[in-house]
2 protein chains.
Amino acid sequence: MAELSSRDRMIRSAVELISRNGVDATSFSEVIKHSGAPRGSIYHHFPGGKTELMVEAVRAAGAIITRRISSAAATGSTADVIEAVGDIWRLNLTRSDFAIGCPVIAGGLARASEPEVAEVSAEVMLGWQKLIESQLETAGYPAAQAKSMANLTITSVEGAVAVCQTTRSIEPLEQVIASLQGLSRSEARSN
Amino acid sequence: MAELSSRDRMIRSAVELISRNGVDATSFSEVIKHSGAPRGSIYHHFPGGKTELMVEAVRAAGAIITRRISSAAATGSTADVIEAVGDIWRLNLTRSDFAIGCPVIAGGLARASEPEVAEVSAEVMLGWQKLIESQLETAGYPAAQAKSMANLTITSVEGAVAVCQTTRSIEPLEQVIASLQGLSRSEARSN
DNA sequence: GTCTATACGAAGATAGAC
DNA sequence: GTCTATCTTCGTATAGAC
């Protein structure tokens with residue numbers, strides 16, 4: 001197991017802090033403290049300043065989730081994809097006492113102060129949409145239904161994560177996963 | 001039409017700024033500038049400081065939305081409730097070039113820095129859940145389905161608003177509204 | 001109710017030594 | 001690659017005059 005570079009440790013910490021507190025509320029000082037990286041090398045590693053660090057963090061976080069969805073889509077059924085996204089957020093929420101949310105949405109909501117970060121979030125999300133859409137089409141959904149179901153999956157799960165954080169309950173997510181599972185079964189039957 | 005008091009103008013501006021930039025990124029100075037309210041009276045009107053202003057803003061914003069849902073639920077069908085929440089966010093998103101999101105979710109996501117505000121957001125959301133649940137039960141849904149469908153409505157719409165802001169497209173919301181409408185029709189048939 | 005002045009801390013960013 | 005020092009701006013909050 002190779003040691004992570006200072007740069008990578010900073011990105012990793014930024015991902016966690018963004019997931020917890022959002023982009024605007026994540027400062028260099030906190031990233032330094034959390035990562036244990038040296039103060040003096042911030043602008044050496046990230047000449048673009050905070051924006052560059054945040055962009056890298058959202059890109060890295062998005063890639064991890066994309067990979068999870070992708071491997072579930074490759075080997076499994078629609079139910080496996082839904083279960084995979086459910087697992088990601090169930091774990092993050094319960095392990096963090098509902099403090100950790102989706103860093104990609106956090107990036108998207110920071111458009112006013114960090115438009116470049118929001119743009120990365122948009123790209124990542126469109127990637128998720130296409131990925132799930134393809135899986136559904138492979139599973140036999142007509143194009144229009146695949147699009148609609150992929151959209152409902154992404155929006156309801158993202159919304160559920162935020163509602164879980166707000167109400168400090170895992171129920172909204174569990175119910176959404178159950179609804180999506182049920183829906184995927186009945187839509188599969190009707191085609 | 002009575003003039004709004006300084007206090008009310010500050011709350012009204014805070015609602016808009018929270019909806020655009022989130023709780024953490026909304027400062028007193030911006031609220032003052034936006035509302036035109038006098039600088040010197042902030043702590044006269046809000047002895048509890050920023051926290052008190054934010055609490056009042058989320059409470060006020062939540063009440064407005066609750067009223068809209070409530071009147072749609074009282075006079076109409078399930079389809080009307082879904083259409084009502086769709087109308088609220090379609091208008092806010094398109095009129096603001098996707099800058100305005102849900103202030104109640106914004107409050108909920110600020111739990112780390114403003115726990116009292118998040119608590120108000122949680123109460124407001126539980127109110128929405130109960131409200132929509134009751135409407136669905138009145139429309140003939142069994143309790144479990146009503147709960148599940150109300151949850152899917154809230155989470156998917158909240159998620160759609162955030163995804164629309166991120167991708168700068170109204171499509172995610174339109175698709176969600178269409179999905180929910182379709183779902184309410186088919187579930188109504190199956191009961 | 002509203003004003004000014006002020007205290008204090010934290011933020012992002014840059015310069016220059018090592 | 002990493003350090004310290006410093007600049008500037010902005011945030012919340014308080015005190016005391018009017």
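Quick note on labels: first sequence line is chain A, next is B, and so on, each numbered from 1. Quick caveat: nothing in here was measured; it's all calculated off a predicted structure.
To the nearest angstrom, C1' of D:dC10 lies 14 Å from CG of A:Asp24. The distance from atom CD of B:Glu52 to atom P of D:dA13 is 11 Å, rounded to the nearest whole Å. Between the OH atom of B:Tyr43 and the P atom of C:dT6 there is a distance of 19 Å, given to the nearest Å. In this entry the distance linking NE2 of B:His44 with P of D:dG16 reads 19 Å, nearest Å. The distance between atom CG of B:Asn21 and atom C1' of D:dC10, rounded to the nearest whole Å, is 15 Å. Atom CZ in A:Arg7 sits about 13 Å away from atom P in D:dT2, given to the nearest Å. Taking atom CZ of residue A:Arg9 and atom C1' of nucleotide D:dG1, one finds them 12 Å apart after rounding to whole Å.
Taken residue by residue, residues 28-42 of chain B places heavy atoms nearer than 4.0 Å to DNA chain C at B:Pro38, B:Arg39, B:Gly40, B:Ser41. Contacts between residues 108-120 of chain A and DNA chain C, defined by a heavy-atom separation below 4.0 Å, involve no residue at all.
Side-chain N/O atoms of B:Ser179 and A:Ser148 include a donor and acceptor closer than 3.5 Å. There is a side-chain donor-acceptor pair under 3.5 Å between A:Ser6 and A:Arg9.
Residue A:Ile88 holds its CD1 atom at 9.5 Å from CD1 of A:Ile64, rounded to the nearest 0.5 Å. To the nearest 0.5 Å, the span separating CG on A:Asp24 from CG on B:Asn21 amounts to 8.0 Å.
For the pair A:Gln145 (side chain) and A:Pro142 (backbone), a donor-acceptor distance under 3.5 Å is absent. Looking only at distances, a side-chain donor or acceptor of B:Gln129 sits under 3.5 Å from a matching main-chain atom of B:Lys147.
A salt bridge is defined here as a Lys NZ or Arg NE, NH1 or NH2 lying under 4.0 Å from an Asp or Glu carboxylate O, and B:Glu16 with B:Arg95 fails to meet this definition. The pair A:Glu83-A:Arg90 counts as a salt bridge, with a side-chain nitrogen and a carboxylate oxygen less than 4.0 angstrom apart.
Between B:Ser6 and the phosphate of C:dT2, there is a side-chain N or O to OP1/OP2 separation shorter than 4.0 Å. For the pair A:His45 and D:dT2, the criterion of a side-chain N or O lying under 4.0 Å from OP1 or OP2 is met.
When the options A:Thr153, A:Thr78, A:Leu131 are evaluated for a side chain to side chain contact (heavy atoms under 4.5 Å, CB included) with A:Leu136, the one that passes is A:Thr78.
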